[in-house]
There are 2 protein chains.
Amino acid sequence: MSKFYSEESKFYIAIDCIIFGFDKEKLKLLLIKRNFEPQKGKWSLMGGFLKPGESLDQAAERILEKLTGLREIYLEQLHSYGEVDRDSAGRVVSVAYYALIDVQKYNEIENSRYTAHWFDIDKKPALIFDHDQMTHDALERLKEKSSAHPIGFELLPDKFTLPQLQKLYEAIHQTPFDKRNFRKKILSFNILRRLDEKDKEGSRKGAFLYEIDQERYAKLIRDGHFQV
Amino acid sequence: MSKFYSEESKFYIAIDCIIFGFDKEKLKLLLIKRNFEPQKGKWSLMGGFLKPGESLDQAAERILEKLTGLREIYLEQLHSYGEVDRDSAGRVVSVAYYALIDVQKYNEIENSRYTAHWFDIDKKPALIFDHDQMTHDALERLKEKSSAHPIGFELLPDKFTLPQLQKLYEAIHQTPFDKRNFRKKILSFNILRRLDEKDKEGSRKGAFLYEIDQERYAKLIRDGHFQV
DNA sequence: CCAAAAGTGTTCAGCTTACACCCATGA
DNA sequence: TCATGGGTGTAAGCTGAACACTTTTGG
């Protein structure tokens with residue numbers, strides 16, 4: 001099989017997942033207490049090692065599912081990290097992926113294999129190795145990406161209100177938006193259907209729930225004229 | 001050293017470089033005739049294997065220098081490719097980088113170790129493995145990146161004319177720009193100094209040469225208000 | 001009846017786009 | 001003198017940003 005390359009060196013390849021969530025108020029990050037050495041007991045991103053029979057993408061899906069139980073999640077490769085000393089226990093090149101999930105979907109699932117916790121993005125603890133760097137890079141990517149592609153919806157439940165969507169974009173960009181301009185912009189894409197139903201959690205008056213018109217949404221992603 | 005991970009699998013890690021150039025007319029791609037098996041004699045991207053003592057970035061720099069003799073080149077990680085069967089000779093995960101270089105600088109260098117050739121981007125031959133995919137992805141990234149960051153200048157010589165710069169942006173975006181609007185926009189960034197010198201290669205009249213005001217250029221990159 | 005969040009339009013400035021003619025020069 | 005590419009300004013439309021009041025309802 002590898003007869004041509006046999007004099008070359010081989011390396012461990014890890015996959016690390018930056019898992020973003022949103023709980024109607026704040027942008028969250030799912031972290032685990034590392035249950036193996038080195039650095040056992042410290043907070044870290046969910047990760048694992050690449051196995052021979054799987055592609056990088058498949059490994060990322062496997063690792064994400066192992067923690068959250070969820071499949072068909074928005075998952076995108078971020079960057080590969082290859083400093084020689086990045087992992088204190090050996091030479092490991094890590095390919096980072098970031099994922100967007102609806103916190104409620106994860107919370108419904110019993111998961112006892114890991115000690116996991118959702119942290120507010122601005123209150124996360126220091127992480128092992130270069131995981132802080134990865135998290136920072138992922139947030140930057142999320143900012144860019146969510147400006148030009150309607151991926152923000154991946155973080156919300158199927159039904160959501162416009163104030164919730166706005167809070168999400170404000171959390172990602174860490175800056176407030178004007179309510180009227182934001183609504184005008186979002187509604188102009190014509191991908192939301194207003195339901196005859198209100199969510200009264202946030203206020204006395206209640207805010208209308210919306211759902212995505214999947215057909216128009218798919219079309220918008222293809223044509224790509226989304227710009228928040 | 002690796003006592004913690006010793007039951008995990010290891011992999012070959014390759015670095016492949018998508019090397020873009022510009023020759024005052026067209027966007028080019030530097031390819032080599034592969035001089036080792038498998039697929040010896042086919043056109044491919046310049047690549048090599050990661051070695052134990054170097055980071056991914058260092059490996060990319062080493063490999064780029066080996067082909068072009070150039071250091072301090074614009075070089076950025078693109079994506080990692082990890083399909084199980086992407087390399088027909090074994091399991092290899094490849095981390096792709098793209099580089100921007102001034103064709104003239106490369107041409108001045110004698111290089112006999114490789115059979116290399118600059119291809120017009122739209123006339124490149126079919127490449128081995130998933131290198132066509134990598135090239136496609138790199139061009140997309142270059143489009144995005146050059147819209148929001150002034151990296152186009154990396155592809156030009158120290159002195160260049162505005163028609164040349166425009167041709168470059170047209171080549172990258174594969175679409176024509178309006179001459180007056182393009183000049184207005186570029187000059188509005190205040191990062192170019194017009195010299196008292198003309199380049200007469202392109203026309204009878206000759207076009208003024210410009211050079212970059214490095215100070216303002218660095219400032220613009222920091223502040224990031226560039227938008228073509 | 002009051003507090004708290006939801007919902008709703010208009011105006012202005014700045015940017016993007018479209019567009020046509022004269023200039024300088026070498027052959 | 002003419003063919004070729006270089007250089008220049010203005011007007012119209014569009015988009016993004018700023019801004020304040022009314023509505024609903026639970027307590």
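Letters A, B, ... are given to chains in the order of the sequence lines, protein chains preceding strands, and every chain is numbered from 1.
Counting distance only, with no hydrogens placed and no angle test, the side-chain atoms of A/K205 and the base atoms of C/dA6 include a donor-acceptor pair under 3.5 Å. Applying the 3.5 Å distance criterion, the base of C/dA20 shares a donor-acceptor pair with the side chain of B/R180.
Remark: B/L142 CG to B/I18 CD1 distance equals 11.0 Å, nearest 0.5 Å. Here NZ of A/K185 is found 13.0 Å from CD of A/Q166. Values are rounded to the nearest 0.5 Å.
The nearest whole Å value for the distance from the NZ atom in B/K185 to the P atom in D/dG9 is 19 Å. Rounded to whole angstrom, the span from the CG atom of B/L187 across to the C1' atom of D/dG7 amounts to 11 Å. One interatomic measurement links the two molecules: CG of B/D178 to C1' of D/dG13, which rounds to 16 Å at whole-angstrom precision. We find that OH of B/Y210 is positioned 6 Å from P of D/dG7, with the value rounded to whole Å. Rounded to whole angstrom, the span from the CG atom of B/N181 across to the C1' atom of D/dG6 amounts to 16 Å. Between A/L165 atom CG and C/dA5 atom C1' there is a gap of 17 Å when expressed in whole angstrom units. In this structure, the CG atom of B/L209 is 10 Å from the P atom of D/dG7, given to the nearest Å. A/F182 places its CZ atom 14 Å from the C1' atom of C/dG7, with the value rounded to the nearest Å.
Side-chain contact between A/K33 and A/W43 is present, with heavy atoms from C-beta onward closer than 4.5 Å.
Looking only at atom types and distance, the side chain of B/D137 has a donor-acceptor partner in the side chain of B/Y81 under 3.5 Å away.
Take the nearest nucleotide of DNA chain D for A/K179 and for A/K198: the residue whose nucleotide is more 5' is A/K179. Comparing A/L162 and B/Q227, the nucleotide of DNA chain C nearest to each residue sits closer to the 5' end for A/L162.
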> Going through the checks in order, is the salt bridge (Lys or Arg N to Asp or Glu O under 4.0 Å) test met by A/D199 and A/K159?
Replying inline: CA-CA 9 Å; A/D199 175 12; A/K159 298 176 183 180; over 6 Å; no
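You'll find that the side chain of A/A207 is closest to C/dA6, out of C/dA6, C/dT25, D/dG6.
Residue contacts shown for A/K184 include a base, since a base heavy atom lies under 4.0 Å away.
Between B/R183 and the phosphate of D/dT8, there is a side-chain N or O to OP1/OP2 separation shorter than 4.0 Å.
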